Asker: 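Structure incoming, see below.
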Amino acid sequence: MNQKFHELIAQASKVVLDKNVEIRLAITCLLAGGHLLIEDLPGVGKTTLVQVLGKLTGLKTRRVQFTIDLLPADVIGGQIYHPQEHKFVFHQGPLFSQMVMADELNRASPRTQSALLQAMEEGEVSVEGVTWPLPHPFYVIATQNPHQQTGTFPLPESQLDRFLMSLELHPASKETEVRILKGDDPRHLLQKIQPLFSETEIAEALIEVTKVQVSANVAQYIADLLERSRRPGFEGAPLSTRAGMALAKAAKAWAFMDGRNYLRPEDVQQVLIPVLGHRLGGNHGIKRGREWAGALQKSTPVPV
């Protein structure tokens with residue numbers, strides 16, 4: 001099955017150009033059972049990335065544009081009165097999809113942000129005392145504008161921790177921009193893409209990832225990273241045990257795509273900055289956190 005995921009990355013790379021690593025990381029996050037946060041300026045391909053992943057994975061995908069006046073019920077759904085039946089009936093919101101793009105999440109009020117983030121954590125929503133399970137798999141890809149922009153409500157550190165990974169997409173290279181400006185718009189390819197997976201296959205892959213083994217050496221390496229982040233003088237926020245568990249989950253998914261059922265230190269290093277960057281950065285932003293994650297990686301001995 002891991003070969004099919006490499007085929008997925010290859011096909012997605014024909015649409016989202018110059019982003020092979022970011023595409024693989026987004027798939028890694030899905031297979032690890034986590035959620036992804038993307039911070040970057042508008043127009044760098046965030047929406048196209050979600051659209052192409054949704055098509056290739058065969059998962060039901062919805063997009064929600066977050067704005068200041070968006071209410072929790074616009075995301076979750078709500079009770080609507082049916083006069084013919086003389087009763088209220090729950091109407092599911094866009095959150096009841098397997099892949100949800102929460103676009104510009106930090107433009108919504110903290111109340112609406114919390115509604116989404118609670119659902120991400122619990123895998124269910126409660127309305128009027130009734131609990132509704134969300135679909136499985138359930139994968140949220142949220143985007144946020146850089147925190148220094150006006151009109152944004154920064155996510156608190158505890159809510160940033162709900163995301164397994166964070167990414168920056170960066171603008172396309174000059175050569176790619178020339179292709180796009182000449183009319184070779186890669187988004188046209190979206191119309192021709194067919195699913196490579198069924199939702200059952202994705203669910204099975206999620207289970208297989210949990211079976212990847214973590215040796216004592218690799219577990220010690222992750223523990224060393226956590227301990228170093230808590231030492232006096234380290235600039236980033238101290239990492240929690242949950243951050244270490246997220247790092248192990250992401251590394252397992254990376255190893256699974258390489259066809260292995262055990263972790264190597266290199267797997268941890270491949271996902272270290274995306275998993276730890278937003279956690280270390282906190283209110284200083286993802287960009288600064290990624291710098292601190294790089295420094296942490298360089299200063300921590302790697303087991304042989």
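Along the sequence shown, the residues carry numbers beginning at 1. Bear in mind that the values here come from a model prediction, so they are computed numbers and not experimental data.
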Asker: Can you list everything that forms a side-chain hydrogen bond (donor to acceptor under 3.5 Å, both in side chains) with Glu177? Sequence neighbours excluded, please.
Answerer: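 Counting only residues at least two positions away or on another chain, Glu177 forms no side-chain hydrogen bond (donor to acceptor under 3.5 Å, both in side chains).
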Asker: Which pairs pass salt bridge (Lys or Arg N to Asp or Glu O under 4.0 Å) with one or both residues in residues 266-276, sequence neighbours excluded?
Answerer: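 Pairs touching residues 266-276 that pass the test: Arg260-Asp267.
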Asker: Are Val21 and Leu167 connected into the same hydrophobic cluster when the rule is that any two of I, L, V, M, F, W, Y join if their side-chain heavy atoms are below 4.5 Å apart?
Answerer: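 They do share one cluster, since a chain of ILVMFWY contacts under 4.5 Å joins Leu167 to Val21.
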Asker: Between Ser97 (side chain only) and Val100 (backbone N and O only), is there a donor and an acceptor less than 3.5 Å apart?
Answerer: no
Asker: For the pair Lys4 (side chain) and Leu196 (backbone), establish whether a donor and an acceptor sit closer than 3.5 Å, ignoring hydrogens and angles.
Answerer: yes
Asker: Shortest non-hydrogen contact from Arg279 to Val275?
Answerer: NH1-O, 2.6 Å
Asker: If a pair satisfies salt bridge (Lys or Arg N to Asp or Glu O under 4.0 Å) and one of its residues is in residues 219-230, list it, with sequence neighbours excluded.
Answerer: Glu227-Arg231
Asker: Any chance you could lay out the side chain to side chain contact (heavy atoms under 4.5 Å, CB included) test for Lys46 and Val16, step after step, and finish with the verdict?
Answerer: CA-CA 9 Å; Lys46 297 188 291 290; Val16 187; over 6 Å; no
Asker: With a cut-off of 6.0 Å (strictly less than), are more than 12 heavy atoms of other residues, nucleotides or ligands near NZ of Lys249?
Answerer: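 No, not enclosed.
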Asker: Please report, to 0.1 Å, the donor-acceptor pairs under 3.5 Å made by any side chain of residues 238-247, with sequence neighbours excluded.
Answerer:
residue: Ser240; atom: OG; partner: Arg242; partner atom: N; Å: 3.3
residue: Ser240; atom: OG; partner: Ala243; partner atom: N; Å: 3.2
residue: Arg242; atom: NE; partner: Asp161; partner atom: OD2; Å: 2.7
residue: Arg242; atom: NH2; partner: Asp161; partner atom: OD2; Å: 2.8

Asker: Report the residues that fulfil side-chain hydrogen bond (donor to acceptor under 3.5 Å, both in side chains) with Thr143, sequence neighbours left out, ordered by chain and then residue number.
Answerer: Asp103
Asker: Can you list every salt bridge (Lys or Arg N to Asp or Glu O under 4.0 Å) pair that touches residues 280-291, not counting sequence neighbours?
Answerer: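 Sorted pair list: Glu168-Lys287, Glu168-Arg290, Glu235-Arg288, Arg288-Glu291.
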Asker: Between Asn217 and Pro303, is there a donor-acceptor pair closer than 3.5 Å when you use the side chain of the first and the backbone of the second?
Answerer: no
Asker: Taking the hydrophobic residues Ile, Leu, Val, Met, Phe, Trp and Tyr, and joining any pair whose side-chain heavy atoms are under 4.5 Å apart, which ones share a cluster with Phe88?
Answerer: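 Besides Phe88, the hydrophobic cluster comprises Tyr81, listed by chain and residue number.
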Asker: Nearest 0.5 Å please: distance from the CD1 atom of Ile207 over to the NZ atom of Lys211.
Answerer: 7.0 Å
Asker: Restricting to side-chain hydrogen bond (donor to acceptor under 3.5 Å, both in side chains), what partner residues turn up for Ser109, sequence neighbours left out?
Answerer: Thr112
Asker: Identify whether Val302 and Leu263 are in the same connected component of the hydrophobic contact network (ILVMFWY, side-chain heavy atoms under 4.5 Å).
Answerer: yes
Asker: Mind listing the closest non-hydrogen atom pair of Val214 and Ala219 along with its distance?
Answerer: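 Taking every non-hydrogen atom into account, CG1-N, 4.0 Å.
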Asker: Any chance you could measure Trp254, atom CH2, to Leu31, atom CG, to the nearest 0.5 Å?
Answerer: 11.5 Å
Asker: Would you give the length of the straight line joining atom CD of Gln11 to atom CG of Leu56, rounded to the nearest 0.5 angstrom?
Answerer: 5.5 Å
Asker: Rounded to the nearest 0.5 Å, how far does CG of Leu59 lie from CG of Leu53?
Answerer: 9.5 Å
Asker: Considering residues at least two apart in sequence or located in another chain, which fulfil the side-chain hydrogen bond (donor to acceptor under 3.5 Å, both in side chains) criterion with Gln213?
Answerer: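 Once residues adjacent in sequence are excluded, Gln213 has no partner under the side-chain hydrogen bond (donor to acceptor under 3.5 Å, both in side chains) criterion.
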Asker: Which residues pass the ring-ring contact (aromatic ring centres under 6.0 Å, His included) test with Phe66, sequence neighbours left out?
Answerer: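 So Phe66 forms no ring-ring contact (aromatic ring centres under 6.0 Å, His included) with any residue.
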Asker: Taking all atoms of both residues into account, what is the closest heavy-atom pair of Ala108 and Gln113, and its distance?
Answerer: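 The answer is O-NE2, 3.1 Å.
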Asker: Starting at CD of Glu122, measure out to CE of Met120 and round the result to the nearest 0.5 Å.
Answerer: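 These two atoms lie 11.5 Å from each other.
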Asker: If we count only N and O atoms by modelled type, under 3.5 Å, do the side chains of Ser114 and Gln159 hold a donor and an acceptor together?
Answerer: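 Distance-only check passes for Ser114 and Gln159.
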Asker: Only pairs at least two apart or in different chains count here, so list each salt bridge (Lys or Arg N to Asp or Glu O under 4.0 Å) that has a residue in residues 64-90.
Answerer: Glu85-Lys87
Asker: Can I get a per-line list of side-chain donor-acceptor pairs under 3.5 Å for residues 129-141, giving both atom names and the distance, sequence neighbours left out?
Answerer:
residue: Thr131; atom: OG1; partner: Ser126; partner atom: OG; Å: 3.2
residue: Tyr139; atom: OH; partner: Ala26; partner atom: O; Å: 2.7

Asker: From the options Met99, Glu201, Gln98, select the one residue that forms a side chain to side chain contact (heavy atoms under 4.5 Å, CB included) with Thr57.
Answerer: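 Between Thr57 and the candidates, side chain to side chain contact (heavy atoms under 4.5 Å, CB included) is satisfied uniquely by Met99.
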Asker: From Phe163 CZ over to Ile38 CD1, what is the distance, rounded to the nearest 0.5 angstrom?
Answerer: 10.5 Å
Asker: Checking His284 side chain against Gly289 main chain: does a donor-acceptor pair fall under 3.5 Å?
Answerer: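 Not at all, since once roles are kept as given, no pair shorter than 3.5 Å links the two residues.
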Asker: Show your reasoning for whether salt bridge (Lys or Arg N to Asp or Glu O under 4.0 Å) applies to Glu104 and Arg107.
Answerer: CA-CA 6 Å; Glu104 298 188 304; Arg107 290 210 182 279; 3.6 Å; yes
Asker: Compare every heavy atom of Leu164 with every heavy atom of His278, then report the nearest pair and how far apart it is.
Answerer: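 So the minimum-distance heavy-atom pair works out to CE1-O, 3.8 Å.
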Asker: Side chain to side chain contact (heavy atoms under 4.5 Å, CB included), that's the test. Do Ile27 and Met257 meet it? Break it down for me.
Answerer: CA-CA 9 Å; Ile27 296 299; Met257 281 200 284; 3.7 Å; yes
Asker: Do Leu70 and Val64 touch side chain to side chain, with heavy atoms closer than 4.5 Å?
Answerer: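 Sidechains of Val64 and Leu70: in contact.
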Asker: For Phe234 and Leu280, run side chain to side chain contact (heavy atoms under 4.5 Å, CB included): C-alpha distance rounded to whole Å, both residues' side-chain angles, the deciding distance at 0.1 Å, then the answer.
Answerer: CA-CA 10 Å; Phe234 184 75; Leu280 291 170; 3.7 Å; yes
Asker: Test your reading of the model: is there a side-chain donor-acceptor pair from Arg162 to the backbone of Leu117, 3.5 Å cut-off?
Answerer: yes
Asker: What pair of heavy atoms forms the shortest contact from Lys252 to Val212, and how long is it?
Answerer: CE-O, 3.2 Å
Asker: Check Ala115 against Pro72 and note the closest heavy-atom contact, atom names and distance.
Answerer: CB-CB, 3.8 Å
Asker: Would you say Ser299's side chain and Leu296's backbone share a donor-acceptor pair under 3.5 angstrom?
Answerer: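 Looks like yes, one N/O pair under 3.5 Å.
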Asker: I would like to know whether Tyr221 and Gln269 meet side chain to side chain contact (heavy atoms under 4.5 Å, CB included); could you show each step before the answer?
Answerer: CA-CA 10 Å; Tyr221 177 46; Gln269 292 181 315; 3.5 Å; yes
